[in-house]
Structures are given as structure tokens and as C-alpha cells.
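Reminder, nothing fancy here: chain letters follow the sequence lines and each chain counts from 1.
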There are 2 protein chains.
Amino acid sequence: MLKLTKKADYGLMALKYLAEHPETPALSAKDVADAYGIPAQLLAKILQRLTKTGLLRSQAGINGGYALARDARQISAYEVILAIDGPFFITSCTKGAHGCELTPSCTIKEPLARVNETIAGVLKSISIHDLVEQEHPPQGGDKKGLVSLTV
Amino acid sequence: MLKLTKKADYGLMALKYLAEHPETPALSAKDVADAYGIPAQLLAKILQRLTKTGLLRSQAGINGGYALARDARQISAYEVILAIDGPFFITSCTKGAHGCELTPSCTIKEPLARVNETIAGVLKSISIHDLVEQEHPPQGGDKKGLVSLTV
DNA sequence: CAGTATACGACTAATTTGGTCGGCCTTACA
DNA sequence: TGTAAGGCCGACCAAATTAGTCGTATACTG
């Protein structure tokens with residue numbers, strides 16, 4: 001539990017793959033899907049979603065496909081997950097307009113909202129480029145870590 | 001997405017409720033369920049789970065019920081969630097014994113494992129007592145925050 | 001021994017997620 | 001200029017997970 005959906009996983013994998021192939025002008029959904037052995041049509045839908053939210057640029061027609069809309073460093077894991085899975089909250093009820101149904105239950109949620117922000121912060125601090133980097137894990141100053149934040 | 005299950009929510013709410021009533025020797029599942037308007041039998045199962053994992057003490061019979069097994073400060077949100085929802089990983093595949101099915105997909109997961117640890121760290125740093133405290137949000141040094149961690 | 005409560009497992013229902021299908025629109029290029 | 005590769009989109013079905021219910025056994029109190 002508390003896990004990403006497969007769709008978000010696929011999306012991240014695909015973006016990483018695109019980031020790893022900057023030379024090619026565009027890769028089709030099928031290309032990426034085959035590379036990872038995931039359902040092509042499903043990936044297609046995901047990439048379409050990412051395109052609509054501006055993370056990818058697409059090109060129809062022969063030799064068409066997708067490419068990152070920005071530098072891999074400028075795309076955070078947070079944006080990807082948000083685009084695919086929609087806004088997430090660790091609490092079941094959003095403390096938006098309507099409040100919570102269960103009478104006093106929201107008392108739990110307020111402190112957990114901070115947890116939520118922390119998670120979002122971590123996710124925002126990780127870029128697609130970081131994912132590429134990590135594949136060949138740094139041997140030297142490994143300990144310095146990837147993330148540092150205070151809430 | 002990335003949200004707690006209702007069961008975990010209920011569990012946290014119930015523990016908070018128990019923490020708020022330290023004077024009473026035990027509260028029944030029904031008492032708590034009624035207080036929050038949640039299904040009594042479902043809550044019962046959750047509390048039983050928490051009892052089995054040692055977070056609660058239970059007493060059968062008349063005037064029986066549940067009470068915190070430890071001080072509210074010594075019970076972390078992490079333990080509660082873990083007890084109810086089982087171990088969670090932000091990645092779809094655990095990097096345990098078998099590795100991942102999808103050929104190269106795990107390259108994504110490794111960096112995300114750190115995110116996972118961060119989340120676990122935040123959750124571990126929040127106790128049931130903190131949930132109680134937060135209900136009357138501190139007016140003064142509000143800005144100091146609840147959590148501070150480096151990964 | 002009667003009533004209240006936990007303990008536990010099986011079962012069903014609801015929701016979410018994963019995945020498929022079919023049709024339409026765009027583009028390169030022969 | 002027409003055809004095939006490929007994106008775009010919505011509806012749909014299937015699988016998995018989560019939520020919730022029921023029944024029964026067991027434990028404790030008076």
C-alpha cells in the first residue's frame with residue numbers, strides 16, 4: 001500500500017527511457033512499450049496524458065512519436081505522478097471546500113497533511129534526470145544522498 | 001492515489017481517540033465506532049489487528065474494550081499503518097529475493113526506494129500523541145514544523 | 001449462567017486499477 | 001494524392017484491491 005500505480009510507474013519508466021535517448025527525435029509508444037515489455041496501448045494512453053499536461057511533445061505520422069518537452073532535469077517525478085494519477089492526498093478526505101463527512105475525523109488529517117507535503121516535496125526534488133543518473137549508482141560519495149529537506 | 005486506506009485512517013483515528021481518553025480503562029470498538037460514525041464491525045477487526053501487533057491491549061467481557069499498550073508518544077503512525085495495511089513500497093516491485101519481473105524496469109525503482117524510506121521516516125517520526133496535540137494547533141511557534149529530516 | 005465484549009474467518013459488495021477495442025485525425029513520403 | 005505509421009480519444013471489460021457484513025466461538029463480569 002501507499003504505492004504508485006503501475007501507470008505512474010510506466011510513465012516514469014517511459015520518461016526515463018526518453019531521457020536516455022536524447023539523440024532520437026522521437027520514439028513511438030510502441031518502441032518504449034516493447035523495450036519494457038508493457039502493453040503498448042496502455043503506455044500510449046499514458047504518454048498521451050503526459051503530452052496533454054505538457055511534459056512531452058508529440059508528433060503524429062510516420063516516424064512520429066514522443067520526446068521530452070523540457071530538459072530531463074526540469075521534469076520532476078511529482079509532475080509525472082500528478083499528471084497520471086491525479087492529485088494525491090495521504091488522507092482520505094481533502095480539506096477543500098466541503099470538508100470531511102465524518103464528524104470529528106478530520107482531526108487526524110491535519111497533521112497528516114504535513115506528511116503529505118513532505119512526500120510531495122521529496123517527489124518534487126527528484127527529476128527524471130536523477131532517475132537516469134541513479135542507474136549507474138555513484139560509487140564515491142554515495143552517502144551524500146539525493147534528497148535533503150526540512151519540514 | 002498514494003493515499004492511506006480507510007482502514008488505516010480508522011485505525012489512526014481510533015488510536016487518537018483512545019489517547020484522548022486516558023482516564024477510561026478501556027473503550028469498546030463500538031464506543032469508538034459510534035464516536036466517529038464508522039462501521040463498528042470493521043473497526044473491531046482493525047482494533048483486533050492492532051492488538052495482535054501489540055499496539056493495543058484488549059479486554060474481553062463486560063466493560064471490556066481496548067486501551068493503548070504504550071504511551072501515545074511511543075506509538076508511531078508508521079507502526080499503525082504497517083500493522084493495518086502491511087508493508088508498503090512506493091515501487092510496484094520489491095527489490096527482495098526475486099527482483100523484478102520487468103526486465104530493465106527496476107532502474108526506476110532504486111531511486112524511488114529512497115523516497116520510500118523518506119516517507120517511512122516521516123511516518124515514524126509522528127506519534128499518536130502528535131495527532132492529539134495537533135488538534136488544537138499551536139498558535140505560537142507554529143512555523144517550527146513537526147518534522148525535520150535529511151536523507 | 002446471562003449478557004457484553006473481543007477473536008476470527010468466510011463471504012459479498014463496492015471501488016479502483018489495469019488493460020483492450022474501435023474509430024478518427026495527422027503526417028511523411030512514394 | 002493516397003496509404004501506412006502513428007498519435008488521439010472515449011467507451012468498454014477484466015482483474016485486483018478495499019470496504020464492509022455475517023456467523024460463530026471464546027472470554028470475562030456480575
Asker: Closest nucleotide of DNA chain D for Gly61(B) versus for Gln41(A): which of these residues is on the 5' side?
Answerer: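 Per heavy-atom nearest nucleotide, the more 5' residue is Gln41(A).
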Asker: Mind calculating the distance between CD (Gln59(B)) and C1' (dG3(C)) to the nearest angstrom?
Answerer: 16 Å
Asker: Is there a side-chain polar atom (N or O) of Ser58(B) under 4.0 Å from OP1 or OP2 of dA5(C)?
Answerer: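 No, no such contact exists.
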Asker: Looking at Thr5(A), Leu42(A), Leu4(A), which one forms a side-chain contact (heavy atoms from CB on, under 4.5 Å) with Tyr10(A)?
Answerer: Leu42(A)
Asker: When you measure from the side chain of Ser28(B), which nucleotide among dT29(D), dA5(C), dG20(D) comes out closest?
Answerer: dA5(C)
Asker: Which listed nucleotide (dT29(D), dG19(C), dC21(C)) is nearest to the side chain of Ile62(B)?
Answerer: dT29(D)
Asker: Name the nucleic acid region contacted by Lys45(B), choosing base, sugar-phosphate or nothing; use a 4.0 angstrom heavy-atom cut-off, strictly under.
Answerer: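 Answer is base: heavy atoms of Lys45(B) come under 4.0 Å of a base.
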Asker: Check for a donor-acceptor pair, side chain of Asp85(A) on one end and backbone N or O of Leu82(A) on the other, with a separation under 3.5 Å.
Answerer: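 Answer holds: no.
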Asker: Between Ser127(A) and Asp130(A) (side chain of the first, backbone of the second, donor and acceptor by atom type, cut-off under 3.5 Å), is there such a pair?
Answerer: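 A pair under 3.5 Å: yes.
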Asker: By the 4.0 Å heavy-atom rule, please label Ala29(A) as base, sugar-phosphate, or nothing.
Answerer: sugar-phosphate
Asker: Counting only side-chain heavy atoms from C-beta out, which of dC8(D), dC8(C), dT21(D) sits nearest to Lys52(B)?
Answerer: dC8(C)
Asker: Output the single nucleotide from dC9(D), dG20(D), dT6(C) whose closest atom is nearest the side chain of Gln48(A).
Answerer: dC9(D)
Asker: Taking atom P of dG6(D) as reference, at what distance in whole Å does atom CG of Leu43(A) sit?
Answerer: 14 Å
Asker: Roughly, in whole Å, what's the span from NZ in Lys30(A) to C1' in dC8(D)?
Answerer: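 Result: 18 Å.
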Asker: Send over the distance from Ile38(A) CD1 to dT17(C) C1', rounded to a whole Å.
Answerer: 15 Å
Asker: Is a salt bridge present between Arg70(A) and Glu79(A), judged by a nitrogen-to-oxygen distance below 4.0 Å?
Answerer: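 Looking at Arg70(A) and Glu79(A), the cut-off is met.
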Asker: Could you tell me the separation between the OH atom of Tyr66(A) and the C1' atom of dG6(D), rounded to a whole number of Å?
Answerer: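 It is 8 Å, rounded to the nearest whole Å.
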Asker: Give the rounded distance in Å between these two atoms: CE of Met13(B) and P of dA19(D).
Answerer: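 The answer, rounded to whole Å, is 11 Å.
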Asker: Which listed nucleotide (dC28(D), dG19(C), dC9(D)) is nearest to the side chain of Ala60(B)?
Answerer: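 From the listed options, dC28(D) comes nearest.
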Asker: Does Tyr10(B) put a side-chain nitrogen or oxygen below 4.0 Å from OP1 or OP2 of dT18(D)?
Answerer: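 Checking Tyr10(B) against dT18(D): no side-chain N or O falls below 4.0 Å of OP1 or OP2.
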Asker: CZ of Arg49(B) versus C1' of dT6(C): gap in Å, rounded?
Answerer: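 Value for this atom pair: 16 Å.
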Asker: In terms of side-chain heavy atoms of Leu42(A), which of dC28(D), dG18(C), dG7(D) is nearest?
Answerer: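 Nucleotide nearest to Leu42(A)'s side chain: dG18(C).
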Asker: Determine the minimum heavy-atom distance between Leu43(B) and Ala29(B), stating which atoms define it.
Answerer: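 Taking Leu43(B) first and Ala29(B) second, the nearest heavy atoms are CD1-O, 3.5 Å.
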Asker: Lys7(A) has an atom NZ; how far is it from atom P of dA16(D), in whole Å?
Answerer: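 Checked: the NZ to P distance equals 15 Å.
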